[in-house]
Amino acid sequence: MHFDTRAIHAGYDPFDHFGAVNPPVFLSSTFAQASPGKHQGFEYARSGNPTRAALEGVLASLEEGEFACAFSSGLGATDSIIKLLNAGDHVVMADDVYGGTFRIFDKTFKRFGIDFTMVDTTDVRNVEKAITPKTKMLFVETPSNPLLKISDIEALCALARSRKVISVVDNTFATPYLQQPLNLGADIAMHSATKYLGGHSDVIAGACITRDPGLHERIKFNQNASGAVPGFLDCYMVHRGIKTLGIRMERACDNAEQVVSYLLEHKRVTKVHYPALEGHPNQAVAARQMKRYGAMIAFEINGSVADGERVVSGRRVWTLGESLGGVESLLEHPASMTHASIPKELRMKAGLNDGLIRLSCGIEAAEDLIADLEEGLSSY
Ligand SMILES: *Cc1c(COP(=O)(O)O)cnc(C)c1O
């Protein structure tokens with residue numbers, strides 16, 4: 001069946017629940033047993049419950065995996081993935097992974113003896129050079145944040161496989177609608193379901209999907225052992241969001257394309273970062289592995305931190321805020337917000353200039369989004 005059909009029907013059969021068209025929210029922490037160990041598939045709800053099982057079913061289907069685990073947050077998923085490793089193991093990681101991903105490796109798991117090396121994964125050779133006999137995991141994020149760099153999932157995962165390294169792709173920005181890492185050879189696709197999967201900026205959740213029964217058993221063990229499980233209602237909300245994922249992504253991508261065209265023509269905009277553009281260093285890879293180019297854009301003005309702040313402040317349609325992937329368009333200014341804690345010199349070296357602005361296109365009318373940006377760009 002097609003993606004949009006699976007988004008609505010996979011994981012749940014109404015006739016399992018009195019014909020209820022939507023999966024019931026089971027507010028039950030425990031399940032009655034007829035005799036010890038004799039139950040209908042659920043015992044204690046940290047281990048699983050029917051609302052979560054329905055969500056996990058649709059997640060597995062959309063990523064074309066066999067198994068999924070839902071988590072209380074994207075970082076909850078990452079935590080259970082990293083716990084596949086042992087002290088002494090080494091990880092190769094993209095140098096521009098989500099800040100929280102870097103933090104959990106750097107501040108938490110390093111203390112437990114898991115070492116890592118960060119490289120620019122847009123060039124496979126960098127990864128090849130960084131792999132040591134101790135390397136057990138490759139952690140990639142593409143498109144990346146905030147510069148929308150693209151890494152070649154197929155080439156990276158083939159390399160990882162040949163070295164017996166577990167490959168993990170953070171598929172939050174693309175979503176399974178635009179890109180399916182497992183089909184490109186990844187062992188694990190993970191998500192912050194807080195973003196596009198939930199899609200309405202009203203829930204924090206995460207997910208991790210695989211085809212490998214062994215990996216799934218171990219992640220599921222970690223999910224239950226560490227307990228970063230999503231609440232019952234949160235499972236329902238993410239599931240409901242997923243039903244419109246395809247239609248939301250199409251509209252958000254349409255909007256992104258129009259906003260990009262507008263920005264390219266604007267005389268105060270010095271650079272636009274979007275994987276569809278000919279000048280993007282990995283455009284060909286994006287064209288190969290993505291259905292469309294996504295709804296995240298970054299652009300630069302030749303101005304100071306204060307100029308950047310002026311452009312993003314006081315917008316009437318774009319909401320100034322961190323996060324992404326909701327129906328509402330969000331914008332943010334990395335130099336004064338998400339990346340403000342990075343010393344200026346390092347920030348500039350990473351290409352995050354004072355005048356860099358990141359956009360998450362929602363599904364409003366493109367004309368209104370562009371008119372509001374025009375006001376912002378005239379304001380400094
Ligand atoms: C937000 C985000 C995360 C973390 O997810 P939470 O749900 O906030 O824990 C991980 N990766 C990416 C790419 C993200 O955008």
Side-chain angles (χ1 to χ4, degrees), residues 55 59 63 68-83 91 93-109 116 118 121-122 137-151 153 168-179 181 186 188-209 219 222-223 226-231 234-235 237-239 241-242 245 249 252 273 275 290 294-298 321-326 329-332 334 337-339 352 358-362:
L55 170 62
L59 286 166
E63 282 288 8
C69 286
F71 289 88
S72 57
S73 66
L75 280 169
T78 302
D79 176 84
S80 277
I81 291 167
I82 302 172
K83 287 173 181 162
V91 178
M93 182 165 52
D95 58 6
D96 54 357
V97 287
Y98 177 72
T101 305
F102 168 70
R103 183 176 55 200
I104 195 174
F105 273 106
D106 187 52
K107 294 283 190 284
T108 306
F109 285 102
F116 65 90
M118 299 182 92
T121 54
T122 63
M137 184 176 282
L138 170 66
F139 204 107
V140 182
E141 190 178 314
T142 180
S144 75
N145 179 25
L147 292 179
L148 289 321
K149 295 201 301 194
I150 300 290
S151 295
I153 298 175
V168 183
V169 175
D170 184 333
N171 203 28
T172 300
F173 271 38
T175 83
Y177 185 72
L178 299 179
Q179 167 176 291
I188 299 170
M190 67 81 50
H191 283 273
S192 168
T194 311
K195 315 294 168 49
Y196 289 103
L197 297 182
H200 297 73
S201 307
D202 54 5
V203 61
I204 301 279
C208 140
I209 301 102
I219 292 167
N222 294 341
Q223 176 197 37
S226 294
V229 294
D234 289 357
C235 290
M237 305 239 295
V238 174
H239 198 156
I242 282 173
L245 178 62
M249 289 310 288
H273 302 266
M290 299 179 77
M296 299 299 298
I297 304 165
E322 298 176 8
S323 197
L324 59 119
S329 294
L330 291 171
L331 84 176
E332 72 115 352
M337 296 169 68
T338 43
H339 296 72
L352 309 178
R358 187 189 78 175
L359 306 176
S360 165
C361 295

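Just so you know, these numbers use all the heavy atoms, side chains as well, and skip hydrogens, waters and symmetry mates. Atoms within a ligand are numbered from 1 in the order they appear, just like the ligands themselves. Keep in mind the model is a prediction, meaning the values are calculated, not measured.
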* Asked: Does NZ or CZ of Lys195 come closer than 6.0 Å to the centre of the six-membered ring of Tyr98, within 45° of the ring's axis?
  -> yes
Heavy-atom side-chain proximity of [X] to [Y] below 4.5 angstrom:
| X | Y | result |
| --- | --- | --- |
| Leu324 | Phe173 | yes |
| Val229 | Gln223 | yes |
| His239 | Leu59 | no |

Look at [atom] and say which protein heavy atom is nearest, naming residue and atom and giving the distance to 0.1 Å.
| atom | value |
| --- | --- |
| atom 11 (N) of ligand 1 | Asp170 OD2, 2.7 Å |
| atom 6 (P) of ligand 1 | Gly74 N, 3.3 Å |
| atom 1 (C) of ligand 1 | Lys195 NZ, 1.4 Å |
| atom 4 (C) of ligand 1 | Tyr98 CE2, 3.3 Å |
| atom 7 (O) of ligand 1 | Thr194 OG1, 2.7 Å |

Inter-residue atom distance [X].[atom1] - [Y].[atom2], 0.5 Å rounding:
| X | Y | atom1 | atom2 | result |
| --- | --- | --- | --- | --- |
| Ser192 | Leu197 | OG | CG | 8.0 Å |
| Glu141 | Thr121 | CD | OG1 | 9.0 Å |
| Tyr196 | Asn171 | OH | CG | 11.5 Å |

* Is ligand 1 under 4.0 Å from a heavy atom in the side chain of Leu75, in the backbone, in both, or in neither? -> both
* Atoms in ligand 1 flagged as close to Ala205, the criterion being non-hydrogen separation under 4.0 Å -> 7 (O)
* Asked: For ligand 1, is there an atom lying under 4.0 Å from some heavy atom of Ser323?
  -> no
* Would one find an N or O of Ser192, backbone or side chain, under 3.5 Å from an N or O of ligand 1? -> yes
